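Contents: one structure, followed by commentary.
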Protein chains: 2
Amino acid sequence: MNTQKEITIYDIAEALDLSPATVSRGLKDHPAIKKDTRKKILDKAKELGYQQNLFASNLRRSRSNTIGVIVPRLNSYFMSAVISGMEKVANAAGYNLIISQSTESKEKELANIKTLYNSRVDGLLVSLAYDSEDINHFDLFLNKGIPLIFFDRVFEHPRCTSIVIDNYKAGYEITSHLISQGCKRIAHITGSVIRNVYADRLKGYRHALVDNSIPYDESFVFPCNLSEQAGADVTQRLLEMPELPDGVFAANDTTAVSCIRTLKQAGIKIPEQIAVAGFNNDPLSKVIEPNLTTMNYPGQEMGELAAATLIRKLDNKEGTSLNTIVLHHNMIVRESSLRKKINL
Amino acid sequence: MNTQKEITIYDIAEALDLSPATVSRGLKDHPAIKKDTRKKILDKAKELGYQQNLFASNLRRSRSNTIGVIVPRLNSYFMSAVISGMEKVANAAGYNLIISQSTESKEKELANIKTLYNSRVDGLLVSLAYDSEDINHFDLFLNKGIPLIFFDRVFEHPRCTSIVIDNYKAGYEITSHLISQGCKRIAHITGSVIRNVYADRLKGYRHALVDNSIPYDESFVFPCNLSEQAGADVTQRLLEMPELPDGVFAANDTTAVSCIRTLKQAGIKIPEQIAVAGFNNDPLSKVIEPNLTTMNYPGQEMGELAAATLIRKLDNKEGTSLNTIVLHHNMIVRESSLRKKINL
DNA sequence: CTGAAAGCGCTAACAC
DNA sequence: GTGTTAGCGCTTTCAG
């Protein structure tokens, strides 16, 4: 099948009676090439249907123009927005993206790291798996000084930039909001507190309680895997509590929505009996009834920024200066938590 | 930064007093290598921290072990499920995925094609952009005999395999269902009828009407870009019709959900006044009230199958035999279309 | 079963 | 401004 012969810079050189070196330079806007020569080269290249062989180029330059991405899971709205943002920026800058999923497991994460290392990616964009307590498995990259940028689920490391929102503040705000709506017994559905995102939201929740003279009670905190099913299960446990909570702050919208549905089935009035707030501003949040109060969280932007930051590093446009970039967030108050009816 | 020296097969060869050729063979289970020698090679490789240089290998073999993926948009639930499936299969088979988005534009699609061609992907997995009426822009690949597989939004071509569901049948079924619920004036919200998926669903809709002695009326068909906004806009036009329709079949869940919300705001009872059905089984469909009748459509499976089919072709495990693979689909009837209350 | 050697296509000193 | 040349690291005939 592979019939048509590959055109190389040698073919162009020969056709134009030039050296391959000149052709190579002409093809990439090298300053020391006559305008006129370059035009000839470009024209001939197009005429012959020349396509650069990136392997040869990469081999020679030991650089791949490829960025590796490792995410826990691909199939969430948030993550696809992130990837979409990355792709946009990377593509515009002439980089390719190689994407892999850790499926929330540290082992798979390590396997992904190895594959991406073999692919000689120029840099790595990572959101950590559920159970990665440290980042020793990234040593392969760190030891070689290959830039590593964490986003969302990050890990503090002197050599890595992190891109996050202020999860502490966001957790604090959303809990304070529930309190302002009269909630006093607020349950918190969370993920693995190994992960910064959940640990910080939990801390925000806790401090908001304390600052409002509500004692923090660990039995109101429900760690789970944040799936739809887990949301339903946790809610079932809430319903079995001797005294019902009057508010729920869930660390993502999936569980918040699942919680609302379960509560409704049990005949609980929302927000009157239990006010509910989520996190992520997933499209689901506008569809569930009552509409879900949630934290808006710019996925696309986070992806764009992560890619742009990495590319800037790769192009050496900056040193190892910045270490943490914090994106803005904003609470979206909707009916699920609004007891004191103001205007919507 | 890039300090640590790269270990190559030469280093291993030297350390073991072997030739690079033998090391190369040992590393990839070549049959003509003594078990014992291979073990020594593998051990030494591990000891030295050897990592294959894929560029050199790819350059030499003119093969990349990389699959290119072009999708209209990354940020939908369906598409991320597809990608997730592809990644799983590709990764297991030792392939990488390079993913790019056409953002529904033929021009960007062409740019993606060129990039992926330069990256020397071994094959291509494509779901076509909104406005690609032909696939001449894929000639680069077709002429070279590089396998090209379409999924979901496909184009009939003798050299390409397509992976689809039976959109005609699905459209027929869902329309018939609406009719069985007593609908007689059914509007259809659709996308660009250039695309097989929408054209086929439309044809199914049409034939279902005719087969039930309901005349097909073009003014009941509303092409749009299937966004949330478009769903609301179309619904507004429905509401302005001199006589309201009594059923809506939307070609995706996003518009169906948006339609329901708009109708509810206008005080229309669903399904009593207007029954609504969507397409995709998006997570939204279970959350909207009333729950949305929709067509289940296996994204993850489609992705897995597309990748598996391509890889089988690449490994030459089969000729150019199969041309179209049709995946099963199944209608999920929920309250949004259920007038004759049976059991749910 | 192993080795020698050529070359995949490109880039970047270094020359002129 | 342009040319010469030496590899980047690997695979694969061909020989033995």
Side-chain angles (χ1 to χ4, degrees), chain A residues 2-42 44-45 48-66 94 117-122 144, chain B residues 2-42 44-45 48-66 94 117-122 144:
Chain A
N2 257 42
T3 151
Q4 219 162 295
K5 152 177 183 349
E6 297 281 352
I7 305 293
T8 73
I9 53 171
Y10 289 94
D11 299 317
I12 300 178
E14 197 174 349
L16 254 32
D17 208 16
L18 285 169
S19 80
T22 308
V23 175
S24 171
R25 292 189 188 109
L27 252 15
K28 37 186 49 76
D29 288 12
H30 189 106
I33 294 283
K34 257 199 295 195
K35 265 235 166 71
D36 173 50
T37 317
R38 170 149 78 244
K39 186 165 169 9
K40 268 199 297 198
I41 293 171
L42 257 22
K44 184 55 88 177
L48 297 178
Y50 168 77
Q51 297 286 146
Q52 190 190 18
N53 186 323
L54 282 177
F55 299 142
S57 169
N58 290 340
L59 174 58
R60 186 53 229 254
R61 297 181 310 140
S62 22
R63 205 168 188 294
S64 67
N65 269 282
T66 298
Y117 184 80
N118 276 347
S119 301
R120 296 293 199 278
V121 295
D122 294 336
K144 284 205 60 182
Chain B
N2 257 42
T3 151
Q4 220 162 293
K5 153 177 182 349
E6 297 281 354
I7 305 293
T8 73
I9 53 171
Y10 289 95
D11 299 317
I12 300 177
E14 197 173 349
L16 255 32
D17 208 16
L18 284 169
S19 77
T22 306
V23 175
S24 171
R25 289 195 266 255
L27 252 17
K28 37 186 51 72
D29 289 11
H30 189 105
I33 294 282
K34 256 199 296 194
K35 267 236 166 71
D36 176 49
T37 317
R38 170 151 78 245
K39 183 161 170 13
K40 267 198 298 199
I41 293 172
L42 257 23
K44 185 56 88 179
L48 297 178
Y50 168 77
Q51 298 286 146
Q52 190 191 20
N53 186 322
L54 282 177
F55 299 141
S57 168
N58 290 340
L59 174 59
R60 187 51 231 253
R61 297 179 311 140
S62 25
R63 203 167 190 295
S64 67
N65 268 280
T66 298
Y117 183 79
N118 276 347
S119 301
R120 297 291 200 277
V121 295
D122 294 336
K144 285 204 62 181

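Labels below follow one simple rule: chain letters A, B, ... track the order of the sequence lines, proteins then strands, and each chain is numbered from 1. Remember, it's a predicted structure, so these values are computed and weren't measured experimentally.
One atom, CG of A/N58, and another, C1' of C/dC10, lie 10 Å apart when rounded to the nearest Å. Rounded to whole Å, atom P of C/dC1 lies 17 Å from atom CG of B/L16. The NE2-P distance, from A/H30 to C/dC10, rounds to 17 Å in whole Å. For the pair B/I12 CD1 and C/dT2 P, the interatomic distance rounds to 15 Å; values are reported in whole Å. D/dC10 atom P lies 17 Å from atom CG of A/N53, rounded to whole Å. Summarising the geometry, the separation between NZ on A/K35 and P on D/dG1 is reported as 11 Å, rounded to the nearest angstrom. Per the geometry, CD1 belonging to A/I9 stands 13 Å off C1' belonging to D/dT4, to the nearest Å. Here the P atom of nucleotide D/dG3 and the CD atom of A/E14 are 14 Å apart, to the nearest Å.
When distances are taken from the side chain of B/L18 to each of C/dG9, D/dG1, C/dG3, the shortest belongs to C/dG3. Set against C/dC1, D/dT2, C/dC10, the side chain of A/S57 has C/dC10 as its closest nucleotide. When distances are taken from the side chain of B/T37 to each of C/dC8, D/dT2, C/dT2, the shortest belongs to C/dT2. Distance from the side chain of B/Y10 is smallest to D/dC10 among C/dT2, C/dG9, D/dC10.
Partner B/L18 forms a side chain to side chain contact (heavy atoms under 4.5 Å, CB included) with one of B/I9, B/I41, B/I12 and no other, that one being B/I41.
At a threshold of 4.0 angstrom between heavy atoms, the contacts of B/I33 are confined to the sugar-phosphate backbone, with no base atom among them. Across all strands shown, B/F55 has no heavy atoms under 4.0 Å from either base or sugar-phosphate atoms.
Sorted by first and then second residue, the side-chain hydrogen bond (donor to acceptor under 3.5 Å, both in side chains) pairs involving residues 24-40 of chain B (not counting sequence neighbours) are B/K39-B/D43.
To the nearest 0.5 Å, atom CG of residue B/L16 and atom OG1 of residue B/T22 are 10.0 Å apart. Taking CG of B/L54 as the start and CZ of A/R120 as the end, the distance is 7.5 Å to the nearest 0.5 Å. The OG atom of B/S119 sits 10.5 Å away from atom CG of A/N53, with the distance rounded to the nearest 0.5 Å. To the nearest 0.5 angstrom, A/L27 atom CG is 7.5 Å from A/Q52 atom CD.
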Sub-3.5 Å pairs of nitrogen or oxygen atoms, protein against nucleotides 12-16 of chain D:
residue	atom	partner	partner atom	Å
D/dT12	O4'	B/R60	NH2	3.2

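A donor-acceptor pair under 3.5 Å links the side-chain atoms of B/T8 to the main chain of B/Y10, judged by distance alone.
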